[in-house]
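Please read the structure below before turning to the comments.
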Amino acid sequence: MKKKRSYEDKFERLCTRLDHQLNIKYRYNIHTKVILLENETSYSDTSYMDTLMTVIKKEKDFGILSEYDVAEELYKACKLKLPHAYQLLIKMVQKIENDNRGILEMLETAVGAGSPLGKDFLQYFGECCWDEQDAAKALEVYRFELEHGIAGARVKIGMVYDELLEDHMQAAHCYRLAFQEGDEAAAYNLAFTYRYMEPQDLLLAEKWFEISVKRDKYPHSLRELGELYVATDREKIGLLMIKQADQQIAKLIDEW
């Protein structure tokens, strides 16, 4: 028999859900306004951070960020168990989730119509969903990207399964498909999954790290392969690989 959740537990889950959805909404909205503002002549020489602060100030002046304040007041009311507070909190969660659903539908329409800016904004919206651990919306964004031929979408789908849903076998399937479709960087993701999932598959991890080193020449793959060699009693060659990888990584950092 399922144990009933306490009021405190349900309230905590609802607060977390609302926080994530509010963050998706406002991170996306503010970022897009910054990008649009940067395209204006008067802001073309202004730094991103200065433009960002200008947008945030405008949002506050117009009261656009007030939903955060409303959420805080509802949290306080729910903690005091005031009448109807919990029901209002549920309605607010639904409202913000519907707002984000509307944003996603608008972006899908824009991308479908061939808007380059719509594609960029869709990818950023997907990042917001990823960062706020909204696996369902992130998957919808990345599947839509995949249907429209946006590079890297299959790997991003795999990462949602890997890191948010912890379905490592489904993640490995996505990475393998991505590699077969020509995304050679997916070899590292596939190897990393085999290396660290439970239970590990060290033979497959080694195979795919080797493929990544040969095909993608990714220095982090060389380092992981070296660590794997050290862990499986091939210390001399493993330490050499780690040294070479660290030198390559340091060079990339300097160039960047």
Side-chain angles (χ1 to χ4, degrees), residues 23-24 27 31 48-49 119-120 122-135 137-139 141-146 148-256:
N23 290 340
I24 290 170
R27 269 190 60 195
H31 177 76
Y48 180 89
M49 287 306 299
K119 185 163 73 172
D120 291 342
L122 177 71
Q123 289 178 299
Y124 184 74
F125 186 77
E127 286 177 28
C128 293
C129 294
W130 165 270
D131 290 341
E132 294 302 324
Q133 300 184 333
D134 188 334
K137 280 196 189 69
L139 275 178
V141 170
Y142 299 149
R143 284 170 177 156
F144 186 85
E145 288 181 4
L146 184 64
H148 287 77
I150 296 174
R154 181 85 72 185
V155 167
K156 288 190 279 189
I157 291 171
M159 289 173 69
V160 174
Y161 280 112
D162 213 355
E163 298 183 33
L164 298 186
L165 299 175
E166 297 185 357
D167 185 343
H168 305 301
M169 295 311 296
Q170 184 62 35
H173 175 69
C174 290
Y175 297 145
R176 193 183 292 270
L177 272 179
F179 183 81
Q180 289 169 354
E181 291 164 357
D183 188 345
E184 294 191 339
Y188 173 79
N189 297 79
L190 184 54
F192 195 89
T193 297
Y194 285 132
R195 173 79 170 92
Y196 293 103
M197 70 182 190
E198 292 292 341
Q200 296 173 303
D201 191 326
L202 297 183
L203 287 176
L204 281 175
E206 185 174 322
K207 170 190 170 183
W208 284 99
F209 278 132
E210 286 174 349
I211 289 171
S212 178
V213 169
K214 288 174 186 173
R215 299 281 288 275
D216 192 39
K217 297 182 170 56
Y218 188 46
H220 291 281
S221 290
L222 182 60
R223 196 179 206 293
E224 289 284 349
L225 187 59
E227 290 181 2
L228 190 54
Y229 273 36
V230 170
T232 50
D233 299 323
R234 290 168 286 178
E235 188 170 345
K236 187 175 180 181
I237 188 171
L239 290 173
L240 181 60
M241 287 177 172
I242 291 169
K243 184 179 178 181
Q244 290 173 343
D246 287 344
Q247 288 171 346
Q248 291 174 24
I249 293 166
K251 186 180 176 184
L252 287 174
I253 291 170
D254 288 341
E255 289 172 355
W256 187 74

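Because only heavy atoms are used, hydrogens play no part in the values below, and waters and symmetry mates are left out as well, while side chains stay in.
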Step by step, work out the side chain to side chain contact (heavy atoms under 4.5 Å, CB included) result for Leu203 and Tyr194.
CA-CA 9 Å; Leu203 287 176; Tyr194 285 132; over 6 Å; no

Under the ring-ring contact (aromatic ring centres under 6.0 Å, His included) rule, what do Phe179 and Trp208 come out as? Steps first, then yes or no, please.
CA-CA 11 Å; Phe179 183 81; Trp208 284 99; 5.1 Å; yes

Verify side chain to side chain contact (heavy atoms under 4.5 Å, CB included) between Tyr175 and Val155, making sure each step is shown before the conclusion.
CA-CA 6 Å; Tyr175 297 145; Val155 167; 4.2 Å; yes

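Note that the CG atom of Leu222 and the CD atom of Glu210 stand 11.0 Å from one another [nearest 0.5 Å]. Atoms CZ and CG, from Phe192 and Asp162 in turn, are 8.5 Å apart once rounded to the nearest 0.5 Å. For the atom pair Ile211 CD1 and Asp216 CG, the distance stands at 11.5 Å (nearest 0.5 Å). Rounded to the nearest 0.5 angstrom, Phe209 CZ and Leu225 CG are separated by 7.5 Å. Atoms CE and OG1, on Met169 and Thr193 in that order, are 10.0 Å from each other to the nearest 0.5 Å. Put simply, NZ on Lys236 and CG on Asp233 are 15.5 Å apart, with the number rounded to the nearest 0.5 Å.
Sorted by first and then second residue, the pairs that involve residues 219-238 and meet ring-ring contact (aromatic ring centres under 6.0 Å, His included), not counting sequence neighbours, are Tyr218-His220. The stretch residues 245-255 participates, sequence neighbours left out, in these side-chain hydrogen bond (donor to acceptor under 3.5 Å, both in side chains) pairs: Arg223-Asp246.
Residues Cys174 and Ile157 approach most closely at SG-CG2, 3.8 Å, considering heavy atoms.
In Glu163, the CD atom is crowded: over 12 heavy atoms of neighbouring residues, nucleotides or ligands sit closer than 6.0 Å.
Judged purely by atom type and a 3.5 angstrom limit, His148 uses its side chain to pair as donor or acceptor with the backbone of Phe144.
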